[in-house]
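Just follow the structure's listing: the first ligand is 1, and inside any ligand the first atom is 1.
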Amino acid sequence: MKSQAQTISLTRTIGLTIAVLSISALSLSACAQPTAATVAPVVDTKNTLLKDAYQGYFPIGAAVAANEYGLDSFTSYGDGIMSNFNSIVAENCMKPGVIQPTEGSFAWTYADNLVAYAVAHGMTVRGHVLVWHSQTPEWMFSQTGTQEERKTATRAKMKSHIDAVVGRYKNNVYCWDVVNEAISDSDSGSIYRTVSGWFTSYGDASFIQDAFDFANAAAPTAKLFYNDYSVVNSAKRARIVKMINDLNLKSHGLDGVGMQAHWSLSWPSIQDIQTTIDTFHDMGLDVQITELDIDCYSNSASMNAIPYSAVADALTARYAAIFKCLRDNKDKISAVTLWGVADDHTWLDHMIGGSYKNDVTRKNYPLLFDANKQKKAAYLSVRDF
Ligand code: XIL
């Protein structure tokens with residue numbers, strides 16, 4: 001799994017390369033781990049849980065690690081922190097490469113534990129993810145024979161994977177990211193991400209229709225999502241709209257669009273978030289915020305680490321503004337999920353200069369609890385509105 005993670009190169013040239021904040025000017029040292037941040041601990045006199053504050057708005061979710069990368073979120077954070085959330089999603093353990101690493105051999109334990117925790121604690125579970133170009137084993141993509149033969153063989157593997165995974169959790173996973181990140185980041189001949197095992201094995205985008213058909217058949221009552229990043233970028237959003245229309249995805253069971261929401265301190269604008277929500281709502285689709293976190297760097301490749309104190313105020317204000325917008329859209333949004341719980345474990349520590357660097361760390365502060373698992377001011381700014 002790690003080697004696949006290493007190959008992830010999410011080139012977020014859209015939007016994320018917009019220079020947003022001259023963080024480098026704030027750098028105190030050239031090492032990747034800043035010295036201790038001096039931010040006064042938050043005093044919480046209310047102790048209301050996030051999920052209770054958002055009753056009447058939308059469920060609040062978090063991505064969790066189930067004994068992956070040395071972290072088990074449930075034991076690490078305990079029921080106290082976890083009880084802020086009434087929904088969870090697997091950060092990795094339901095991905096194809098983890099759950100079916102070799103053909104026909106399923107690693108159910110982590111996902112089973114995750115679902116059991118949710119059931120025991122009255123949480124809903126988002127399913128992530130069925131069809132993605134990344135963290136998917138090569139065996140799923142047939143490399144031999146004619147294009148038609150490759151498509152047929154790959155289609156059969158997709159179907160058996162979706163039947164098994166969606167079928168196993170059909171009573172407990174209420175929605176699935178059926179297809180993730182299938183759209184191109186640039187106008188380069190095709191609206192689709194053509195450098196993808198799914199696209200090349202099929203030879204066209206019909207794998208997306210198959211994925212929705214198979215998921216719909218395996219769990220007819222589950223909500224089915226197309227999920228992507230930089231959806232707020234108008235050109236990418238237009239490509240997603242075109243895909244939904246060209247492939248007639250609603251007739252294949254598409255219920256909604258997941259906006260990953262890997263955002264930064266100043267990108268995207270609240271107006272662009274609003275326009276995006278409206279665009280999909282007006283198409284008769286549900287909208288979910290599926291992977292919200294706030295990159296405190298300007299996505300530069302610099303390894304200069306900044307201390308939390310340099311960005312804490314901006315992060316607090318940013319979270320307040322984003323959640324105000326989301327609350328204003330509560331009738332159009334059915335769930336908001338953060339991509340993690342606390343800053344001690346965030347993939348953004350490895351997202352440097354727009355690509356995932358497994359062996360390199362630059363401390364980031366994207367979540368609502370800090371690296372010591374304490375509430376941040378951002379937590380209060382989200383909860384106390
Ligand atoms: C990330 C995880 O957080 C990392 O632990 C893993 O190494 C790579 O994937 N978009 C997605 C998520 O849909 O699955 C990705 O999660 C982040 C980007």
Side-chain angles (χ1 to χ4, degrees), residues 1-16 61-73 76 88-99 101 110-111 114 125-137 165 173 175-185 193 196 198 208 211 224-233 236 240 256-264 288-295 299 335-367:
M1 181 177 66
K2 288 206 171 187
S3 63
Q4 278 159 3
Q6 259 168 326
T7 64
I8 293 173
S9 178
L10 301 173
T11 43
R12 288 139 196 262
T13 47
I14 298 173
L16 293 182
V64 292
N67 251 324
E68 307 145 50
Y69 299 95
L71 178 75
D72 181 69
S73 303
S76 172
I88 49 176
V89 61
E91 184 179 2
N92 285 294
C93 74
M94 288 191 183
K95 290 173 179 173
V98 182
I99 210 161
Y110 299 143
L114 187 153
V125 181
R126 294 197 85 249
H128 177 82
V129 53
L130 300 173
V131 168
W132 190 21
H133 65 282
S134 183
Q135 290 184 275
T136 299
V165 177
V173 172
C175 74
W176 275 100
D177 291 332
V178 177
V179 176
N180 199 26
E181 303 180 352
I183 288 293
S184 171
D185 282 331
R193 178 189 298 275
S196 150
W198 292 113
I208 299 170
L224 305 183
F225 283 82
Y226 174 76
N227 193 51
D228 212 331
Y229 62 88
S230 293
V231 182
V232 289
N233 176 280
K236 186 155 180 183
I240 294 171
V257 172
M259 298 166 61
Q260 288 187 3
H262 295 296
W263 293 337
S264 81
Q288 293 196 348
I289 305 296
T290 56
E291 305 182 16
L292 177 60
D293 53 15
I294 305 297
D295 188 345
N299 203 36
V336 174
T337 299
L338 291 139
W339 203 243
V341 174
D343 292 345
D344 66 319
H345 176 81
T346 165
W347 78 304
L348 288 180
D349 283 355
H350 304 282
M351 271 298 276
I352 300 161
S355 55
Y356 193 91
K357 298 184 168 59
N358 203 49
D359 300 322
V360 180
T361 301
R362 181 185 63 180
K363 194 72 208 112
N364 217 318
Y365 316 98
L367 298 165

Proximal atoms of ligand 1 relative to Lys95 (non-hydrogen, under 4.0 Å): 1 (C), 2 (C), 9 (O), 12 (C), 14 (O), 15 (C), 16 (O)
Heavy-atom pair of closest approach, residues Asp72 and Asn67: OD1-N, 3.4 Å
Heavy-atom distances under 4.0 Å are what count here, so tell me which part of [X] touches ligand 1: side chain, backbone, both or neither.
| X | result |
| --- | --- |
| Gln135 | side chain |
| Asn358 | neither |
| Tyr356 | side chain |
| Asn180 | side chain |

Ion pair check, Lys363 and Asp349, cut-off under 4.0 Å: yes
By side-chain hydrogen bond (donor to acceptor under 3.5 Å, both in side chains) - contacts of Ser76 (at least two apart): Lys373
Residues forming a ring pair (Phe, Tyr, Trp, His ring centres under 6.0 Å) with His345, sequence neighbours excluded: none
His350 (side chain) donor-acceptor with Val360 (main chain) under 3.5 angstrom: yes
Sub-4.5 Å side-chain heavy-atom contact between Asn227 and Trp176: no
Tyr229 to ligand 1, any heavy atom closer than 4.0 Å: no
Polar proximity ligand 1 side, His128 side, N/O cut 3.5 Å exclusive: yes
